[in-house]
Amino acid sequence: MPELPEVETVVRELKTLEGREITQLRVGWQKTVTPGVPVLRSSMLGCRIRTVSRRGKYILLELENGDTVTVHLRMTGKLIFEPSEKDKNYVRLSLELDGRDWLYFVDVRKFGRFDLFRSGAPVLPSLGPEPLEEKETTRVLLNLKSRRELKKILLDQKVLAGVGNIYADEALFLAGLSPDLPGADLSSKEAKTLAKALSKVLNASIANMGTTLSDYRNTKNIGGENQNYLKVYGQTGQPCPRCATAISRKVIGGRSTHFCSKCQGFS
DNA sequence: AACAGCACCTGTAGGC
DNA sequence: TGCCTACAGGTGCTGT
């Protein structure tokens, strides 16, 4: 569900966790914890959270013992302080802070994961650079050697970290590029245009507190507004906002891909 | 390197 | 109402 803008929205709110101590940890679905519950418990219990940050689609909790706990929300995960009655059926993990209030990890589909990186070990080493960094993104796109389709490349977290299905489609539309264009065929002008489109689309969504289609909510259980501004994602059959051609849908890399065949020159 | 296919899970929407 | 299929903001594994 959540891509970079949704995770960024949550992380900004979770800054309130900095300096707080984890006094209890409860797990409702064992597989939520990749290294196993005892390992996570031994690192987190009685420890304070030093900083909360984001890397790609991951939330990073850096602890005072130097360890880093990563949280990935996958499709339906959310971290919330006040779960609804319905949410309570899907609490997979909960953290008590300073012996007072609780933060709940709610996840209908059970795909979300907590992982642990020990002090000194590189955290999430295989992730590519952040797509909000326009210069670095341009450099990455300029140096693509692969003939894979652009859509697949944008979804590859080793290339760029944080772009998912919604914003890949939106950025390709804004850049006027076909999702099936081979990455290595990008001209330098097109690479710059796409890098600019990515940062624009992602920053706009952050300003709108993310896109809520069904499950995504911030820590206060409130959805975002960006779904009201999507140009192509989920707009199959609707008129293109630029040329009024009906928006097409095609599966690329196993994912629904939405585009305007006219504006994006789909081959 | 890079596919496709499937696995992980549950809920919802639409057709009949 | 029920049954069935398709689909969903993601990633990771296996075999080819």
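Lettering of chains follows the sequences in order, A, B, ..., and the numbering in each one begins at 1. For the numbers below, each heavy atom of this structure counts, side chains included, while hydrogens, waters and symmetry mates do not. Predicted, not measured: the structure shown is a model, and the values here were computed from it.
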d(CZ, A:Arg249; C1', C:dC7) in whole Å
8 Å
Dot-bracket for DNA chain B, 5' to 3', Watson-Crick and G-U pairs with both distances under 3.5 Å, [ ] for crossing pairs, | for partner on another strand, reads .|||||||.|||||||
Which is more 5' along DNA chain C, the nucleotide nearest A:Tyr58 or the one nearest A:His258? Just name the residue.
A:His258
To the nearest Å, give me how far apart CG (A:Asp215) and C1' (C:dA8) are.
8 Å
Here the distance between atom P of C:dA8 and atom CD of A:Gln227, to the nearest Å, is 17 Å
When rounded to whole Å, the CZ to C1' distance for the pair A:Arg55 and C:dG10 reads 17 Å
Which residue pairs pass the ring-ring contact (aromatic ring centres under 6.0 Å, His included) test with at least one member in residues 3-24 of chain A, sequence neighbours excluded?
none
Quick one: is A:Gln157 getting a side-chain N or O under 4.0 Å of the C:dT11 phosphate, OP1 or OP2?
yes
So, A:Thr76 and A:Asp107: side-chain donor and acceptor under 3.5 Å apart, yes or no?
yes
Establish, from distance only, whether the side-chain atoms of A:Asn228 and A:Asn208 form a donor-acceptor pair under 3.5 Å.
no
Is the side chain of A:Glu3 donor-acceptor paired with the backbone N or O of A:Gly164 at a distance under 3.5 Å, no angle test?
yes
The complete set of side chain to side chain donor-acceptor pair (under 3.5 Å) pairs with one or both residues in residues 159-170 of chain A, sequence neighbours excluded, reads A:Glu6-A:Tyr167, A:Lys151-A:Asn165, A:Lys151-A:Asp169, A:Tyr167-A:Ser205, A:Tyr167-A:Thr211, A:Asp169-A:His258
Contact check, side chains of A:Met209 and A:Ile222, non-hydrogen atoms, under 4.5 Å
no
Members besides A:Tyr229 in its Ile/Leu/Val/Met/Phe/Trp/Tyr cluster (side-chain heavy atoms under 4.5 Å)
none
In this structure, how many angstroms lie between the C1' atom of C:dA6 and the CZ atom of A:Arg255, rounded?
15 Å
Do any N or O atoms of the protein come closer than 3.5 Å to N or O atoms of nucleotides 10-13 of chain B, and which pairs are they?
| residue | atom | partner | partner atom | Å |
| --- | --- | --- | --- | --- |
| B:dT10 | OP1 | A:Lys110 | NZ | 2.6 |
| B:dG11 | OP1 | A:Tyr90 | OH | 2.5 |
| B:dT12 | OP1 | A:Lys86 | NZ | 3.1 |

Can you list, by chain and residue number, the hydrophobic cluster partners of A:Val91 when the side-chain cut-off is 4.5 Å?
A:Ile80, A:Tyr90, A:Trp102, A:Tyr104, A:Val106, A:Val108
Using the test side chain to side chain donor-acceptor pair (under 3.5 Å), find all partners of A:Glu18 that sit at least two apart in sequence or belong to another chain.
none
Please, which pairs that meet ring-ring contact (aromatic ring centres under 6.0 Å, His included) have at least one residue in residues 5-61 of chain A, sequence neighbours excluded?
A:Tyr58-A:His72
In whole angstrom, give the distance that lies between atom CG of A:Leu155 and atom P of C:dG10.
7 Å
Just how far is it from atom OG of A:Ser94 to atom CG of A:Leu103, taken to the nearest 0.5 Å?
9.0 Å
Distance, P atom - from C:dC7 to B:dC9, rounded to whole angstrom
22 Å
Tracing side-chain links under 4.5 Å among I, L, V, M, F, W and Y, which residues wind up in one group with A:Val251?
none
Strictly below 4.0 Å, N to O, side chains only: are A:Glu130 and A:Arg54 in salt-bridge contact?
yes
A:Leu213 CG - C:dA8 P separation (whole Å)
11 Å
Does C:dT11 have A:Phe111 stacked on its base, where the ring centres are within less than 5.5 Å and the planes differ by under 30°?
no
Which of residues 30-40 of chain A sit near DNA chain C, with a heavy atom under 4.0 Å from it?
none
Can you list everything that forms a side chain to side chain donor-acceptor pair (under 3.5 Å) with A:Arg50? Sequence neighbours excluded, please.
A:Glu62
Phosphate OP1/OP2 of C:dT11 contacted by A:His72 side-chain N/O (<4.0 Å):
yes
What string of B, S and - do you get for nucleotides 1-6 of chain B, 5' to 3', if B is base contact, S is sugar-phosphate-only contact and - is no contact with any protein heavy atom under 4.0 Å?
-SS---
Over how many whole Å does the gap from A:Asn165 atom CG to C:dT11 atom C1' extend?
13 Å
